A.B. asks: 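The structure's right below; bear with me while I get my questions together.
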Amino acid sequence: MTASSADKILDGLNECQKHAVTTINGSLLVVAGPGTGKTLTIVRRIAYLVQQGVSPEHILAVTFTNRAAREMKERAEALLGGIASMLFAGTFHLLGLRIIKDIYGKEFSIFSRDEQAVLLKSLTQASARKVQQVAEKISRIKNFLEDSNKETQAIYKAYQAALSQRNAYDFDDLIRIPIEILEKNEELRKKYQDKFKHIIVDEYQDINPAQYRLLKLLAGNTPNICAVGDADQAIYAFRGADLRNFLNFEQDFPGTAMITLSENYRSTGIILDAAESVIKNNRSRIDKKLIPTRGKGARITVISVPDERAEGSAIIREIELRIGGTSRYQMEHGNVGRGGSEWSFRFSDFAVIFRTNAQATALEEGFSASGIPYQVIGRKNSAQAREIEETLAYLRSLVHDVGISEQESVETQDSKLLDPADLFNPGADAVTLMTLHMAKGLEFPVVFITGCEEGLIPCTLMKDRTDIEEERRLYYVGMTRTKNELFVLYSRRRSLYGHRLPSIPSTFLSDIPETLLQFTVVPDKVKKQKEREQLGLF
DNA sequence: ACCATATACATTTTT
DNA sequence: TGTATATGGT
């Protein structure tokens, strides 16, 4: 390759990004805060490896979500063309699937969460609730999060036998089986270590013990491994993700180089300052500061509303102010919309984020009454779930009627690894409603974080299990989704399980300096009462 | 087998 | 407050 193509690969990158792209030997930890061009850096790194003569089939790029994997793959293809298909870019589970198929050379089906539950139900005759608990237990055992006890051992065995009888694996097996094989078989272990000469792991802070073990097996003793992530965005501890793997990476892989991507290309300075003022209270983190590149921006608006319905109305009012041609808002604020130069907002520029799914209902009521298009993502038993089933059924039918290629058929089976969040359609012109968890990895010009009250953020609904640092990270993730305008809302009263609770603003709000905030109060409705009084006079 | 009533319970969920 | 499971009566 010529020098000019190397230039092209590094084109438009900042110094740290360039460094992260070109440090290809040994172990490397890239600390990539929100909006720092993480995916860009990963994709350019892949291109750089290829340009340096590494064959794409020796490159392993793993992520956690299909969404992230898809983006990585698409962008790698755009950069490298057809040869990009030779590298592995996909989720941990797809990687495991490929390894199992590669070694066993057999077809098998993957049981979804629902199929798993049905199977367990048939084995135990237990209630749906109990079945869920058992499924969770088995999952935790398979992910090395806990050991099996006498009680679970029996059902575990029966379940595994039933799976095997149906020529099936569950999601966790896709990681567990390769670990088992590679731990036992040195020859195969060597084979994969030789194959994956360069490993890139995205979102390393979210890695769980099983994934870590698999990775260690593939990496071998002298790995070229690049872990990319951000300790401040670790929000899956409850699923077994172990942040310590990230924090200890340098000791874990001796000789590690560490690069921090600091320049933030997403958010305004005020938003970054505010987010920093919240997250700096955490102890389990690598200290870092995000450098804004987009100017100071507007203050964060704190809106106090009387109840959760008013939360929706306040949001809808703000959206309506910004949608619909030459608005009063435009005259007052100038062109601060998307891109900055041209005034325009689409519904898809707005995100409404909450801690618990239960909060969606009240918000949805407001939205459906307003006529504003919206999509709620990530929720189970929704139209989206049905859509998945329909899509899967359609894909399966393709396999049997139509003669499609082996590659496609693999993709089809792999589509079992889809989940509702993957159906999030960024192209749809609709306001997106979702939990803080679902918001990770996304960005929006205007963000509303609702329910910023003690009890909800940080969420203490299950008192004994509150991880305040993780809650803080969640809030941090929420805030840093914002490009331009952030609204945080809290309700002075909230109905929770039928009880009306008086609410006080989240401590996370008081961590933000007041100079970064502006306050709006939506008063209690006194109108109706006045009307009643007037009627009473007559 | 069935319906009615009582009771327990409630976060987040990458695949 | 709503949902899902457990209980109880016919």
Side-chain angles (χ1 to χ4, degrees), chain A residues 62-71 90-97 110-116 121 125-133 135-136 139-140 142-143 145 169-176 201-208 210-211 214 229 233-241 308 353-362 377-381 385 388 413-422 424 434-442 451 455-468 470-475 477-478 494-501:
Chain A
V62 261
T63 64
F64 289 86
T65 67
N66 290 310
R67 192 206 282 161
R70 194 186 313 125
E71 194 190 351
T91 62
F92 271 100
H93 289 82
L94 183 61
L95 171 66
L97 172 66
I110 304 163
F111 266 34
S112 69
R113 210 62 183 181
D114 287 344
E115 289 164 307
Q116 198 183 355
K121 173 106 189 162
Q125 309 299 327
S127 67
R129 193 188 223 100
K130 205 88 195 161
V131 161
Q132 291 304 322
Q133 284 170 3
E136 182 64 26
S139 176
R140 291 184 67 83
K142 287 186 174 181
N143 282 291
L145 298 171
Y169 289 123
D170 64 20
F171 286 144
D172 302 315
D173 287 334
L174 297 180
I175 313 289
R176 185 183 66 87
V201 195
D202 192 16
E203 305 278 14
Y204 192 76
Q205 76 282 351
D206 284 333
I207 202 163
N208 79 11
Q211 290 151 345
L214 179 59
Q233 294 183 74
I235 55 173
Y236 285 103
F238 72 97
R239 292 267 297 182
E308 62 264 275
I353 310 178
F354 34 81
R355 179 64 179 83
T356 66
N357 282 308
Q359 292 166 254
T361 317
I377 67 163
R379 205 174 29 184
K380 292 179 192 94
N381 304 324
I388 285 182
Q413 171 142 47
D414 298 348
S415 67
K416 198 94 181 198
L417 306 179
L418 281 171
D419 89 318
D422 293 308
F424 163 60
M434 70 203 137
T435 62
L436 284 160
H437 283 87
M438 296 307 306
K440 194 166 96 160
L442 302 176
L456 263 183
I457 305 178
C459 183
T460 52
L461 290 175
M462 298 217 93
K463 294 159 188 65
D464 51 325
R465 259 174 283 179
T466 303
D467 179 344
I468 187 74
E470 179 132 321
E471 296 291 320
R472 200 173 272 123
R473 290 191 289 266
L474 261 176
Y475 203 64
V477 166
R494 182 173 298 274
S495 301
L496 203 59
Y497 312 131
H499 302 282
R500 283 183 80 73
L501 304 171

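FYI, side chains are in, hydrogens and waters are out, and symmetry mates aren't considered; it's all heavy atoms of this structure. Since the model is a prediction, treat every value here as computed from it, not as a measurement. All chains are named by letter (A, B, ...) in the order of the sequence lines, taking the proteins before the strands, and each is independently numbered beginning at 1.
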A.B. asks: Would you say dT15(B) has OP1 or OP2 under 4.0 Å from some side-chain N or O of Asn66(A)?
C.D. replies: yes

A.B. asks: Which atoms of nucleotides 2-9 of chain B (N or O only) lie under 3.5 Å from a protein N or O atom, and what are those distances?
C.D. replies:
none

A.B. asks: Nearest whole angstrom, please: distance from the C1' of dT12(B) to the CZ of Arg473(A).
C.D. replies: 13 Å

A.B. asks: How many Å lie between OH on Tyr475(A) and C1' on dT11(B), as a whole number?
C.D. replies: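 Rounded to the whole Å, the gap is 17 Å.
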
A.B. asks: Can you check the Lys142(A) NZ to dT15(B) P distance for me, whole Å?
C.D. replies: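 It is 18 Å, rounded to the nearest whole Å.
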
A.B. asks: Contact boundaries of DNA chain C with chain A (under 4.0 Å, heavy atoms), 5' to 3'?
C.D. replies: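 The protein-touched segment is dT1(C) to dT5(C).
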
A.B. asks: To the nearest Å, give me how far apart OH (Tyr236(A)) and P (dT13(B)) are.
C.D. replies: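 Those two atoms, OH and P, are 6 Å apart.
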
A.B. asks: Can you list everything that forms a side-chain contact (heavy atoms from CB on, under 4.5 Å) with Arg140(A)? Sequence neighbours excluded, please.
C.D. replies: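 Arg140(A): side-chain contact (heavy atoms from CB on, under 4.5 Å) contacts with Glu136(A), Leu145(A), Glu146(A).
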
A.B. asks: What's the CZ-C1' distance between Arg239(A) and dT11(B), to the nearest Å?
C.D. replies: 13 Å

A.B. asks: Between Met438(A) and Arg67(A), what is the shortest heavy-atom contact and its length?
C.D. replies: O-NH2, 3.4 Å

A.B. asks: By side-chain contact (heavy atoms from CB on, under 4.5 Å), which residues pair with Ala439(A), not counting sequence neighbours?
C.D. replies: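 In terms of side-chain contact (heavy atoms from CB on, under 4.5 Å), with neighbours along the sequence ignored, Ala439(A) is linked to Ile353(A), Met434(A), Arg481(A).
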
A.B. asks: Heavy atoms only, 4.0 Å cut-off, all strands: where does Arg465(A) land among base, sugar-phosphate and nothing?
C.D. replies: base

A.B. asks: Give Ala68(A) one of three labels, base, sugar-phosphate or nothing, depending on what nucleic acid heavy atoms sit under 4.0 Å from its own.
C.D. replies: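 Ala68(A): no heavy atom of the nucleic acid under 4.0 Å.
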
A.B. asks: When you measure from the side chain of His93(A), which nucleotide among dT14(B), dT11(B), dT15(B) comes out closest?
C.D. replies: dT15(B)

A.B. asks: On a heavy-atom basis, which atom in Ala234(A) and which in Glu470(A) lie closest, and how many Å separate them?
C.D. replies: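 Between these two residues, the closest heavy atoms are O-OE1, 3.5 Å.
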
A.B. asks: Taking only residues two or more places apart in sequence, or in another chain, which ones meet Phe238(A) in a ring-ring contact (aromatic ring centres under 6.0 Å, His included)?
C.D. replies: Tyr236(A), His437(A)

A.B. asks: Under the ring-ring contact (aromatic ring centres under 6.0 Å, His included) test, which residues partner Phe64(A), sequence neighbours left out?
C.D. replies: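 For Phe64(A) the ring-ring contact (aromatic ring centres under 6.0 Å, His included) partners, ignoring immediate neighbours, are Phe92(A).
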
A.B. asks: Taking only N and O in the side chain of Thr435(A), is any of them less than 4.0 Å away from OP1 or OP2 of dT13(B)?
C.D. replies: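 Answer is yes, contact under 4.0 Å.
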
A.B. asks: Which of the following nucleotides, dT11(B), dT13(B), dT14(B), is nearest to the side chain of Thr65(A)?
C.D. replies: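 Per side-chain heavy atoms of Thr65(A), the pick is dT14(B).
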
A.B. asks: Kindly say if Asn208(A) contacts the phosphate of dT15(B), meaning a side-chain N or O under 4.0 Å from OP1 or OP2.
C.D. replies: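 Looking at the OP1 and OP2 atoms of dT15(B), neither is under 4.0 Å from any side-chain N or O of Asn208(A).
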
A.B. asks: Report yes if some heavy atom in the side chain of Thr63(A) is under 4.5 Å from a heavy atom in the side chain of Glu203(A); otherwise report no.
C.D. replies: no

A.B. asks: Need one value for Glu471(A): base, sugar-phosphate or nothing, where a base atom within 4.0 Å counts as base even if backbone is also close, heavy atoms only.
C.D. replies: base

A.B. asks: Would you say the side chain of Arg355(A) and the base of dT11(B) hold a donor-acceptor pair, judged only by whether the two atoms sit under 3.5 Å apart?
C.D. replies: no

A.B. asks: Phe171(A) has an atom CZ; how far is it from atom P of dT14(B), in whole Å?
C.D. replies: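 The distance from CZ of Phe171(A) to P of dT14(B) comes to 10 Å, rounded to the nearest Å.
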
A.B. asks: Measuring from the side chain of Met438(A) (C-beta onward, heavy atoms only), which nucleotide among dT14(B), dT11(B), dT12(B) has the closest atom?
C.D. replies: dT14(B)

A.B. asks: Would you classify dT11(B) as syn or anti? Syn applies when the glycosidic angle is within 90° of 0.
C.D. replies: syn

A.B. asks: Work out which heavy atom in Ile110(A) is nearest to a heavy atom in Glu115(A); give both atom names and the distance.
C.D. replies: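 For Ile110(A) versus Glu115(A), the nearest heavy atoms are O-OE1, 3.7 Å.
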
A.B. asks: How close do Cys459(A) and Glu471(A) get, counting heavy atoms only, and between which atoms?
C.D. replies: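 So the minimum-distance heavy-atom pair works out to N-OE1, 2.9 Å.
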
A.B. asks: Could you check how far CG of Leu496(A) sits from C1' of dA10(B), rounded to whole Å?
C.D. replies: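 Result: 9 Å.
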
A.B. asks: Please report, rounded to the nearest Å, how far the P atom of dT13(B) is from the CG atom of Asp467(A).
C.D. replies: 16 Å

A.B. asks: Between Leu95(A) and Leu214(A), which heavy-atom pair has the shortest distance, and what is it?
C.D. replies: CD2-CD2, 4.3 Å

A.B. asks: I want to confirm an ordering. Mapping Lys440(A) and His499(A) to their closest nucleotides on DNA chain B, which one lands closer to the 5' end?
C.D. replies: His499(A)

A.B. asks: Identify the two heavy atoms, one from Ser495(A) and one from Arg500(A), that lie closest to each other, and give their separation to 0.1 Å.
C.D. replies: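 Nearest heavy atoms, Ser495(A) then Arg500(A): OG-NH1, 3.0 Å.
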
A.B. asks: Side-chain N or O of Tyr497(A) less than 4.0 angstrom from OP1 or OP2 on dT11(B)?
C.D. replies: yes

